[in-house]
Protein chains: 2
Amino acid sequence: MATIRDVAKHAGVSVATVSRVINETGYVHEDTRKKVETAIRELHYTPNEVARSLYKRKSRLIGLLLPDITNPFFPELARGVEDEMQENDFRIIFGNSDENANKEKEYIQTFVQNNVVGVIASTNHPDTDTYRKLGIPVVFLDRTADNRPSVYADGREGGRIAAHEMAARGSRQITVIQGPASIRTALDRYQGAVDMLSSQGIAFNVIQTTSFSFTEAGIWAKELFERYPDTDGVIASNDIVATAVLHEALRLGKKVPEDVQIIGFDDIPLSSLLTPALTTIRQPAYDMGRASAALLIQLLENENIDHRIIQMPVTFTERETTRKVEQYG
Amino acid sequence: MATIRDVAKHAGVSVATVSRVINETGYVHEDTRKKVETAIRELHYTPNEVARSLYKRKSRLIGLLLPDITNPFFPELARGVEDEMQENDFRIIFGNSDENANKEKEYIQTFVQNNVVGVIASTNHPDTDTYRKLGIPVVFLDRTADNRPSVYADGREGGRIAAHEMAARGSRQITVIQGPASIRTALDRYQGAVDMLSSQGIAFNVIQTTSFSFTEAGIWAKELFERYPDTDGVIASNDIVATAVLHEALRLGKKVPEDVQIIGFDDIPLSSLLTPALTTIRQPAYDMGRASAALLIQLLENENIDHRIIQMPVTFTERETTRKVEQYG
DNA sequence: TTGTAAGCGTTATCAG
DNA sequence: CTGATAACGCTTACAA
């Protein structure tokens, strides 16, 4: 790799001058600029970001920490972040935390060691020193914490909507699937659903799950219909579980939505391709990712901006696993 | 952030000594080591990877370039790469190329600018200077090129298997979905299927698609049944398209697999949760990711290893969108 | 308008 | 066993 020295020598100028033309800083004569530019071209020179980063104590790198890219909700988030960052010439160091506090801490640490200028994190522990003492801007994505910068959707409201719509469509033997207790968003959804159901005086059962994994989703679906065979409505903690429930219901010969209605959460891309297509509470994942990146970039330019907490809308996305409301509402 | 100087001062030694204890290189007296270690702990010191990287001209970073993390096949790959890398203390800079040569080149360039020690890339243009002149090890993932290090599955064989199994199960009005012409793996699958069908003297139709996107998949599925309504067997270019085809077939009132059989490709996590569950040609994505990372790490340690091309098995994964072979075979 | 040189935080060489 | 110090490739005062 050619260095700035090589370019300087090749162009017959000093490194300072080369630096000036690269960064468009300070005066440089048109002719020398030309010389330098040809030298750069001829040597295929590109600046070493590491050296830059060392001197300026900041890079063009940001850290992105997500629970598990294998859960289809997160790639959407990631893609949004990446697209926005890419357009602003930032690159991403990426890690999966598996919702594990230790892995999370490790990653954040290496992010810092690599001089990232900011981090976007989807974490259940935003209130730890890991983030508090980070010294660089952090945006919490899909999660939130007191007054810290964050982009998230209102899971509680989503849960409420799901419960309300399901009740409006006539289900009275509802089973709510409670996601992993350690995951904040899962808890919110659950709480929202429970609140709504309670306030409407509708009884319900609960199935507790401990992960969002594809392989285990089927197990819980089975458990659900074994323990509560009369279930005529399922509020799932996300679309993966909802898909498993749908699969199991169909396998048991139940008609969906006639015998049992199902509402998921997230609206992952495959949901609309299921048969019947999944009714769900949509989170605008891609936009959330983009928004979080945009927010981080703002924070990078100006630490003190007003609008640091962005709540995205959660929308009832009616498809085919729920009945038409006219029939019942 | 504390620097090595701070630690040295705090411990009353020179920076050289601190460096020695950090890197466990050279002699250092037990007592001084202790002093240094406490200093490190008290100051919460962690080495600046950027400075290290600058001096050593190599980092603990690798670049990962994937077409689109939003396609459920790639997160599996990415996860495999990440887990293996993480266990070996490497971090990942990540980018989506969208199969776009320009974006790809840009990303690779910034990878290099950030001193990555190696790259893992899923690209359709492995034979360009971008990779040839990179100067650091590259492993091609899910793609391959002459004799360059790579980890991939035999798409052609997969296509053959799909065609063979479908024919063995009685379909005679087969439509093959040809994926984007620019994507090598899609082409291989298609070729394999066509070869097999031709050699068996079975006529078939072709639907050409131009992307793997969820939103467009539905369009092609519609087109398929409009143009070839008598289709009784579909060999799809991947599971996303297969899912869309299944969805459309069901919507049209066709029975699957009785009226039309469907075989996908990849075996993404959701495939087994569809109803009927999708029969597909499985690629061991996660393992491929891990293998590519392991290979890259080997290459990093020793440029000249023998086994640089790893072909992973492709397996016919029989589920419910194909008929039982006994009935027809 | 341009060049010199210090400094970013490390590692490694070479004396001591 | 330990300490100075040059070097990694860049940016930025400061001088010229």
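- Pairs passing the salt bridge (Lys or Arg N to Asp or Glu O under 4.0 Å) check and including a residue from residues 38-54 of chain A, sequence neighbours excluded, read A:E49-A:R52.
- Listed in residue order, the members of residues 8-34 of chain A having a heavy atom less than 4.0 Å from DNA chain D are A:A16, A:S19, A:R20, A:N23.
- If you measure from atom CZ of A:R52 to atom C1' of D:dT12, you get 13 Å, rounded to the nearest angstrom.
- Straight-line distance from the CG atom of B:L54 to the C1' atom of D:dA6: 13 Å, rounded to whole Å.
- The shortest distance between the side-chain N/O atoms of B:R57 and the OP1/OP2 oxygens of D:dC8 is not below 4.0 Å.
- Ring centroid separation for the pair B:F212 and B:F73 does not come in under the 6.0 Å cut-off.
- Side chains of A:T46 and B:Q109: a donor-acceptor N/O pair is absent below 3.5 angstrom, by distance only.
- Partner of A:R33 under the side chain to side chain contact (heavy atoms under 4.5 Å, CB included) criterion, out of A:H29, A:E37, A:K35: A:E37 alone.
- Each of B:R79, B:Q86, B:M85 was evaluated against B:D83; a single residue qualifies, B:R79, per the side chain to side chain contact (heavy atoms under 4.5 Å, CB included) test.
- The OG atom of A:S53 lies 10.5 Å from the CG atom of B:N115; values are rounded to the nearest 0.5 Å.
- Taking 4.0 Å as the cutoff to heavy atoms of chain B, we find the contact window on DNA chain C bounded by C:dG9 to C:dT13.
- For the pair B:R20 and B:Y27, the cation does not sit on the ring face, since its NZ or CZ is not both under 6.0 Å from the ring centre and inside 45° of the axis.
- Ring orientation note: the planes of B:F94 and A:F94 are tilted relative to one another, at an angle of 30° to 60°.
- Separating the CZ atom of B:R5 from the C1' atom of D:dT5 is a distance of 11 Å, rounded to the nearest angstrom.
- Taking atom CE of residue A:M1 and atom C1' of nucleotide D:dC10, one finds them 15 Å apart after rounding to whole Å.
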